[in-house]
Structures are given as structure tokens and as C-alpha cells.
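Only one structure is covered here, and it is reproduced in the block below.
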Amino acid sequence: MKTPDPFLPSVAERLHRARTDLSLGLAVGIDTGTARWLVLAATRATPARLRAMLDGGDAQLVLTARRAETLKIRIYDDDLVRLPLARDATAAQIQAIVDPAQDLAAPLKGPFAPLRGGDASAQRAGLTLVRQAQLLPAVIARPVRDLPEGIVTVAPGDPDAAPPDALRAAIAARLPIAATTGARLHVFQPESGGPEHYAVEIGQPDRGRPVLTRLHSACFTGDVLGSLKCDCGPQLQAALAQMAAEGAGVLLYLNQEGRGIGLANKMRAYALQDQGFDTVEANHRLGFDDDERDFGVGLAMLRKLGVRQVRLLTNNPRKLALFEGSGIELVARVPLWVGESAFNRDYLRVKSERSGHLE
Ligand SMILES: Nc1nc2c(ncn2[C@@H]2O[C@H](COP(=O)(O)OP(=O)(O)OP(=O)(O)O)[C@@H](O)[C@H]2O)c(=O)[nH]1
Ligand SMILES: [Zn+2]
């Protein structure tokens, strides 16, 4: 077998570049083996690139099935829809279809005649990349004979087939915090780019015994600003306090703002919540699933820290299921109910009723 050229990017590195390029408003190539597609993030396309896409005459707007349900579009491809775009389509028209901000003010956007049949794998890969880039999940796609020189190109199966990101334990240092002076902060970096994640190690947890552990997802509004709309800030403080009281624990701070949709989209969701939609409905109207997080990175961090058994502070059944077959034993769940306020009572109720959160 030929050894790969060490200077060429790996699949994981190419995917990282593709996500970055889509965020910048650049087109990415998707090569299915029989066809080549150019893909642009619908919310980032510059006017010139949008025009160039439309001029070909066979451009499509690709949306998730979640967004299509809101717009009452017939879904033929189970997880997505493909809408043909006219040559004279405008950026404003596309924005109105993609972004739910104007849904209530201007509900009638159709009629839509989605495409059916044929291979949608390139479009599906495009959607996966833009949602991983925390952009609104919608792409403009167009088949081309040849991909332009210098365009980052991936295969449709790459986003799912890429090996889980290898993590580098970059650095750790002592960090006295309000909860305890005996804390250390570890910084982990995915080797193929992407956001860093942190671990706060309290005391010196005995690796031969179950470690009190929390997987906490970033919430700028709750953790930093003390937002009353969620329970994140109080959960963070309560978890650290309990670890300090027991003298040991590990809190993973995962940079998955807004259950993985990013702060901008979480604020779009909050604007929809102000219109009366709940936290789950708001995600769906934006085109996302209820929860876009991948907790696999948390397992990788625990392995790096040498944690083999956990007592997990959570009410979320998805976090419990994560440990099945992971090699890390879930010994107990420790409930974490704190911080209820008049502003988040409905949010907490929806988490119990719709997302299955445990008492
Ligand atoms: N999309 C979206 N994300 C939200 C909303 N409110 C809070 N979040 C995010 O939800 C995440 C909360 O995660 P966690 O603290 O892990 O809570 P959890 O999944 O409910 O699980 P446990 O607290 O462990 O029971 C954070 O990333 C917040 O930014 C919302 O209305 N919409
Ligand atoms: Zn929060």
C-alpha cells in the first residue's frame, strides 16, 4: 500500500476546512464519484456567489425536514427537502425561507414544488457541514461538470465516516476558584481544529473509585450573565460546590453552546420563544433537532483524565445512555435540580415533558 503524503490534509482536517469555508461564505465541493456539486451556506452566500450559483439555472435550496415541516413543504427525502431555485431568485426570498424570524409576520411563502427522486447524498452532506459549523441548516447547491480550482472537496460519506476527533491534552494548571482553592483547569484541543473543551478537576479524585462527574454544556447567558431563562448557571455552581464539599470531582465544560447550535442560533431560538414557541419548537422552526450535541468528546476527555467509573450529576437521560458500551462505568446518577425561577419554570417543564429529563 502506498503511504499517504504526510503534507496532505486528512479527512478530518478537510472537513474542518470545509466547515470554515462555508462559514466564510465560500463554496465547498462535494464529489459523489458520479457527480460533482458546489455547495454554499444559504445564510453566508455573498451576492456575487449567490448570483453565480443561480446563473447556472439548476440551483437548489436545501432545507432540513424540520424546517420543511414548519413551512408545510412535502418531504420526499425523509430528512431534507430540495427546492429548485429560479434564476431570478433573490437573497431576500431565500433568507425568508431559511430564517424563521419573519414566519409569523409573513407566513405564506409558497407554493413550493420540492424535487423528488435521485441521489440527495451531496445535499445531505452539505447540510451536515453547515449545522456542524453552527450556521442555520440550509444550503444552496448546484451540480457542476468541474469543480473550480482551489475548492475544498469532500465525499458525501466523509462527515459521518470521519474518526472521532483525537484530543490533545494541551495544558493544565492550578486554579483556585470560589468553590475551592484545590482546583485544576485542563484544556483539551481537538487535533483537527474545532472548539477547545475544558475540565475542572477538584481535589485529587481517586481513579480507582467512582468519580463525581458533570458534563456541562456551555451557556454564555446562564453561566456568565446569570440569565434566569435557564438553570445552567445554578447547575454549574451547585456541581462545583458539591465536588468541593466531597473534596473531589471532575466538571467537563463542553463548548457546545445552545445544545450545539451556537449562541447566534440560540438567540434566534430565544426570539422565537418571545413569540410563544417553547424551547423544542423553536429549535425545530430553525431547522435543528431538539439537541444537536455530540457528547462523545466528553468520554474522550474522561479517558484522558484516567476516569473509569463515574457518579454523574445530571437529569438528562441522553447523558446516561452515553456510557453504555463506552468502557467507562456509570455507577450512579446524582440528580441536579437547582435554580428554578419564574422565568425558567416553563423551560424546565418542557425539558421534563418533551426531552424526558428525570426528576
Ligand atoms: N437551543 C437552546 N439551547 C438552550 C436553551 N436554553 C439553554 N440552552 C442550552 O442548553 C444547554 C444546557 O445543557 P446542560 O446544562 O448540559 O443541561 P441538560 O442537557 O438539560 O442536562 P442536565 O442539566 O445534565 O440535566 C446549554 O448548552 C445551553 O446553552 C434554549 O432555549 N434553546
Ligand atoms: Zn443555559
A side-chain contact here means heavy atoms from C-beta on lying under 4.5 Å apart; do [X] and [Y] qualify?
X: L313; Y: T213; result: no
X: N255; Y: Y198; result: yes
X: W337; Y: L348; result: yes
X: Q273; Y: D346; result: no
X: L302; Y: V211; result: no
X: D77; Y: Q123; result: no
X: I75; Y: E69; result: yes
X: L104; Y: F277; result: yes

Indicate yes or no for a side-chain donor-acceptor contact from [X] to the backbone of [Y] under 3.5 Å, with no hydrogens or angles considered.
X: R214; Y: M243; value: no
X: T180; Y: A183; value: no
X: D160; Y: G157; value: no
X: R44; Y: S23; value: yes
X: E191; Y: R168; value: no
X: R285; Y: L272; value: no
X: K304; Y: L167; value: yes
X: E257; Y: F220; value: yes
X: N265; Y: I261; value: yes

For a quick test of reading the model, state the closest non-hydrogen atom pair linking [X] to [Y] and the distance between them.
X: I73; Y: L63; answer: CD1-CD1, 4.1 Å
X: V334; Y: R311; answer: CG2-CB, 4.1 Å
X: L147; Y: G29; answer: CD2-CA, 3.8 Å
X: T128; Y: P159; answer: CG2-CB, 3.8 Å
X: I177; Y: V200; answer: CD1-CG1, 4.5 Å
X: R87; Y: R51; answer: O-NH1, 3.0 Å

Taking the six-membered ring of Y270 (Phe, Tyr or Trp), confirm whether the NZ or CZ of K229 is under 6.0 Å from its centre and within 45° of its axis. yes

Gap separating the [atom1] atom of [X] from the [atom2] atom of [Y], nearest 0.5 angstrom:
X: L135; Y: L22; atom1: CG; atom2: CG; result: 7.0 Å
X: D99; Y: R268; atom1: CG; atom2: CZ; result: 5.5 Å
X: M53; Y: Q60; atom1: CE; atom2: CD; result: 10.0 Å
X: L236; Y: H216; atom1: CG; atom2: NE2; result: 4.5 Å
X: H197; Y: S217; atom1: NE2; atom2: OG; result: 9.5 Å
X: I202; Y: Q242; atom1: CD1; atom2: CD; result: 11.0 Å

Under 3.5 Å side-chain donor-acceptor pair for T279 and R259: yes

Could you tell me whether the side chains of D119 and S121 share a donor-acceptor contact shorter than 3.5 Å? yes

Look at the side-chain heavy atoms of Ile, Leu, Val, Met, Phe, Trp and Tyr, link any pair under 4.5 Å apart, and say whether [X] and [Y] land in one connected group.
X: L38; Y: V152; result: no
X: L26; Y: L40; result: no
X: L54; Y: V28; result: no
X: V297; Y: V250; result: yes
X: M267; Y: L225; result: yes

Give a yes or no on whether a salt bridge exists between R207 and E201, defined as a side-chain N under 4.0 angstrom from a carboxylate O. yes

Charged N to carboxylate O under 4.0 angstrom, D103 versus R67? yes

For Q102, look at atom CD and say whether over 12 heavy atoms of other residues, nucleotides or ligands are found less than 6.0 Å away. no

Those residues that, when tested against H284, pass ring pair (Phe, Tyr, Trp, His ring centres under 6.0 Å) (two or more places apart): none

Give the C-alpha distance, both sets of side-chain angles, the deciding distance and a yes or no for side-chain contact (heavy atoms from CB on, under 4.5 Å) between L322 and L215. CA-CA 11 Å; L322 175 74; L215 267 68; 3.8 Å; yes

Test side-chain contact (heavy atoms from CB on, under 4.5 Å) on F323 and L299 and set out the steps. CA-CA 8 Å; F323 288 86; L299 290 175; 3.8 Å; yes

Check against side-chain contact (heavy atoms from CB on, under 4.5 Å), V139 and L129: CA-CA 10 Å; V139 296; L129 290 171; over 6 Å; no

By the definition side chain to side chain contact (heavy atoms under 4.5 Å, CB included), identify the one residue from N316, N315, V310 that meets it with R333. N315

Considering the options N283, T221, L286, which one meets the side chain to side chain contact (heavy atoms under 4.5 Å, CB included) requirement together with K266? T221

Mind jotting down which residue pairs meet the side chain to side chain donor-acceptor pair (under 3.5 Å) criterion with at least one end in residues 132-152? Sequence neighbours excluded, please. R19-Q132

Go through the steps for D278 and R349 under the test salt bridge (charged side-chain N to carboxylate O under 4.0 Å, His left out), then give the verdict. CA-CA 10 Å; D278 72 32; R349 183 181 50 74; over 6 Å; no

side-chain contact (heavy atoms from CB on, under 4.5 Å) between F295 and L252: does it pass, once the steps are laid out? CA-CA 11 Å; F295 288 114; L252 304 186; over 6 Å; no

With respect to R66, which candidate in D79, D289, D78 satisfies the salt bridge (charged side-chain N to carboxylate O under 4.0 Å, His left out) definition? D289

